[in-house]
Amino acid sequence: MLAMSCFCFLVFFCMWGTSTSLESLRVSQTIRDDKNETLVSAGGIIELGFLDLGNSSRRYLAIWYRNVSPRTVVWVANRNTPLHNRSGVLKLNEKGILVLLNGTHSIIWSSNISGKAVNDPIAQLLDSGNYVVKVKESILWQSFDDTSDTILPGMKLGWNLATGKERYMSSWKSVDNPAEGEYSVKLDRRGYPQAILFKGSEMKFRLGPWNGQSWAGYPVRSPQSSQIFVFNKTELYYEFRLLNSSDIISIFQLTPSGVGQKIFWKTHNTTERVLLPQERDQCERYAFCGANSICSYDGNHPTCECLRGYVPKSPHQWNMAIWDKGCVPRNKSNCKNSYTDDFLPYSHMKLPDTSSSWFDTTVNLDKCRELCLKTCSCIAYANLDIREGSGCLHWFNTLVDLRNFSQLGQDIYIRVPASELDHGGHGNMKNKIVGITLGAIILGLIITCVCILIIKNSVAAGVYCHMVQLQWRKEYFRLRNEDMDFPTFELSIIAKATNNFSSSNKIGEGGFGPVYKGTLLDGREVAVKRNSLMSDQGQNELKNEVVLIAKLQHRNLVKLLGCCIQGEEKLLIYEYMPNKSLDYFIFDETRSKLLSWHQRFHIICGIARGILYLHQDSSLRIIHRDLKTSNILLDAYMNPKISDFGMARTFGSDQVEDKTRKVVGTYGYMPPEYAVHGHYSVKSDVFGFGVIVLEIVSGNRNRGYSDPEHSLNLLGHAWRLWTEERPLELIDNQILERCLPFEALRCIHVGLLCVQQKPEDRPDMSVVIPMLNGEKLLPRPKAPGFYTGGCIPESVSSLKTCNLLSRNEMSLTIFEAR
Ligand SMILES: *[C@@H]1O[C@H](CO)[C@@H](O)[C@H](O)[C@H]1NC(C)=O
Ligand SMILES: *[C@@H]1O[C@H](CO)[C@@H](O)[C@H](O)[C@H]1NC(C)=O
Ligand SMILES: *[C@@H]1O[C@H](CO)[C@@H](O)[C@H](O)[C@H]1NC(C)=O
Ligand SMILES: *[C@@H]1O[C@H](CO)[C@@H](O)[C@H](O)[C@H]1NC(C)=O
Ligand SMILES: *[C@@H]1O[C@H](CO)[C@@H](O)[C@H](O)[C@H]1NC(C)=O
Ligand SMILES: *[C@@H]1O[C@H](CO)[C@@H](O)[C@H](O)[C@H]1NC(C)=O
Ligand SMILES: *[C@@H]1O[C@H](CO)[C@@H](O)[C@H](O)[C@H]1NC(C)=O
Ligand SMILES: *[C@@H]1O[C@H](CO)[C@@H](O)[C@H](O)[C@H]1NC(C)=O
Ligand SMILES: *[C@@H]1O[C@H](CO)[C@@H](O)[C@H](O)[C@H]1NC(C)=O
Ligand SMILES: CC(=O)N[C@H]1CO[C@H](CO)[C@@H](O)[C@@H]1O
């Protein structure tokens, strides 16, 4: 008896004497509530002991951060079985099981591993917040496996697929009752795994599938931590780690009201608690818009919009903003024609519910598309991992819970039947069909007429034929007009929209006149290009542009909404691009920070696709001839759109080079053969593209740039760095830290290939795109064409305006001296 009390006294003494250093419990040692005993981790960061919460007298065995306030409990052992007074005792038994006893020695809670006696187990509290029972180095039990409402760095949320054990977050009932509440966050293993917030068994919010960087629907990233997602045969989990755990505490907690929040403290000893803001809006609510529609949030209101090719299931309700019925296909895809279906890309999207999706991590995007096309019920595909664009995800039958973000998010490709792809819209298609049918009928009448004439040369037949002829002409011209049919605006409407072309509405100066911002009566914002009355070519260029652009439809080309030709006024009305043009960002010290490497790469690829469309894919073949950063406009999501086709020329499809007496373009972007000899070809645009790429990567203008040591222009500078094998020094300092070096290097390489001296050395745009994507081996570049227009070489040296022109960035037209 005496020995026993002596032992107890020793234990007691140890605990008080060195209370901060006691960090573990051995067999037969205890932690007693009535003695205020606790364990403290070695670094003094974490404490384990008994506490009550709020006003309640219930006592809990818990783990909390020691020196932050308010006191933050991160784990509770007996969350569903509280003690009712301070009689609780924690013990480690000889089987290595932690047991929590109440005043009458009943087991209130245990770490619950059945087992036999083990040799010298120890229960140690770690600075990470993990309470671990181990024998030597092998772990018998750890509190990190027993997740509650809080995820600590290093803790896994998900599944051990080998044992089938799930770790999920579950909220407390209330702030003073840690019992299991109604909210939980789980990794759903159906289809491609996704993290979901549940209320009971009801899905409230999908954090989304993992996209390689973050949860697709919860793209919050904090600079102090890295996020990890593991999905293989044995493990499926999410975890975050602190980059520097010596000065920061960070946790992810699910509140009793179902809000997931990231909290951090800047030091270990502080009351300064920071909540990472989380965007919360109605679009977050699971399936807010029903099936097959996109939710978008403008800062005030959510809006639902059917996907292309889908119509509201219940139009009446839909019009009253009751959206939950969603949308249905306008025309059920008929799988016989599935090979004519196409896919429309949607950017900045939160991917839809993946619970019945199919995935493959080894399939690339092209193959992914092909497989989807072959499967009748496959209605959308996307990359699994957006970092390098790898892996493949398919959806079937319906898409649920899609939304768009203003930034972030990813691309998804939605299947659309060919019948929905007519860009003129449904009406136009119908008109054409009607036209063709009418044409056929009239042709029939003409034949009848000829027959009648042959058989019976009568007056009646003559009259009949005359009528047929009139009808035919009327129909013919009606169809011709429809070809050119796109909206014309009244001058008065445009004048009103632009405040009578007031200077405050002026947003720029294009090649042939000023550009104004206007707001139409319906609130739509437009850009109005007013062709200068002085310009001689104005009329021709205008016609050229109208006809060309009206026929061109591509997501990387600016859309022409209509025109207005009234008297001397010649106006073109375009969609308005809120983010101005590329030069506005990349050449400005503060704004260039806003364009991350990821966005810049996205822009480069977009420009390349736009040019390829002009050169090859559109029904016409077009050389832009004035590609430059100020002609690359940016929409609200920083998608690039090529503008200013006033100087473009069409070609017959086999005509790739021409010679002109007029040299048009902008110095700094003109290839040597064009500026000097007036030769232009698709390769002239490739040169302009190369310059733009190098400007985007470096953040410097080709013209006006001169490197300090060698007074070379940007191309010369890039080439010098390349030959000196330090090309990465070209990269804009503003993006250096976060850029992907291999991607940037590839862009510089492709840029240099595009600005080769000889046109035949430059790649075609169709080759440039796989080159940018890393799908093609890159040849070694030669020295670039150095022509920068500082002044014009011999052949056109008679030009008086040399100096004047070299000072500005305006497009210009000069005549070749011959
Ligand atoms: C334990 O702490 C409580 C409240 O702080 C105090 O009232 C009580 O006397 C302490 N008990 C012991 C044994 O120190
Ligand atoms: C706790 O008790 C105080 C005083 O009795 C009261 O003002 C407060 O509202 C109570 N808090 C809770 C959560 O019940
Ligand atoms: C806890 O309650 C039991 C009976 O309810 C009592 O015997 C015991 O003394 C109490 N212990 C403490 C520390 O209050
Ligand atoms: C201990 O727990 C047992 C079983 O839950 C219960 O019957 C007993 O009253 C409790 N004793 C105390 C002192 O709370
Ligand atoms: C799964 O990933 C985990 C963590 O990276 C690793 O420890 C484990 O060996 C992997 N299992 C398989 C089967 O690859
Ligand atoms: C982590 O933070 C501490 C304190 O701010 C600092 O001294 C240390 O250098 C940092 N370590 C790293 C690897 O950044
Ligand atoms: C935290 O601050 C308290 C006083 O506010 C001090 O006693 C303690 O040593 C500090 N702990 C650490 C880990 O810095
Ligand atoms: C699509 O549906 C519309 C009306 O619902 C119909 O007029 C049209 O013929 C259909 N198109 C195809 C290709 O089935
Ligand atoms: C989302 O898409 C809709 C429809 O295309 C668009 O009107 C809206 O501006 C977009 N919102 C965001 C935040 O991207
Ligand atoms: C506290 C606790 O979880 N106890 C469990 C231990 O394991 C047995 C059987 O496996 C369960 O019945 C207990 O509920």
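In listed order, ligands and their atoms are each counted from 1.
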Could you tell me if [X] sits above the aromatic ring of [Y], with its cationic atom closer than 6.0 Å to the ring centre and no more than 45 degrees from the axis?
| X | Y | value |
| --- | --- | --- |
| Arg189 | Trp159 | yes |
| Lys186 | Tyr168 | yes |
| Lys199 | Phe205 | no |

Exercise for the section: State whether a side-chain donor-acceptor pair under 3.5 Å links Tyr286 with Asp353. Expected result: yes
Handout entry: Under 3.5 Å side-chain donor-acceptor pair for Arg415 and Ser377
Key = no
Exercise for the section: Looking only at distances, please establish whether an N/O atom of ligand 4 is found under 3.5 Å from an N/O atom of Ser87. Expected result: no
Exercise for the section: Could you tell me whether atom 9 (O) of ligand 5 has a protein heavy atom closer than 4.0 Å? Expected result: no
Practice task
Please check atom 14 (O) of ligand 5 for a protein heavy-atom neighbour under 4.0 Å.
Solution key: yes
Handout entry: Which of the ligand 4 atoms, numbered from 1, are nearer than 4.0 Å to a heavy atom of Asn102
Key = 1 (C), 2 (O), 3 (C), 8 (C), 10 (C), 11 (N), 12 (C), 14 (O)
Handout entry: Side-chain ion pair, Asp401 and Lys350, N-O less than 4.0 Å
Key = yes
Problem - N-O pairing of Asp145 and Lys165 below 4.0 Å - result: no
Completion exercise
For Tyr237, the ligand 5 atoms with a heavy-atom partner under 4.0 Å come out as 4 (C)
Fill in the blank from the handout: Taking only non-hydrogen atoms of Asn232 and a 4.0 Å limit, the atoms of ligand 5 in range are 1 (C), 2 (O), 3 (C), 8 (C), 10 (C), 11 (N), 12 (C), 14 (O)
Practice task
Report, in ascending order of atom number, the atoms of ligand 1 lying under 4.0 Å from any heavy atom of Asn36.
Solution key: 1 (C), 2 (O), 3 (C), 8 (C), 10 (C), 11 (N), 12 (C), 14 (O)
Exercise for the section: Run the numbers for me: atoms of ligand 1, each under 4.0 Å from some heavy atom of Asp34, listed by number. Expected result: 13 (C)
Fill in the blank from the handout: Looking only at non-hydrogen atoms, the one of Thr234, Ile228, Leu236, Val230 nearest atom 5 (O) of ligand 5 is Val230
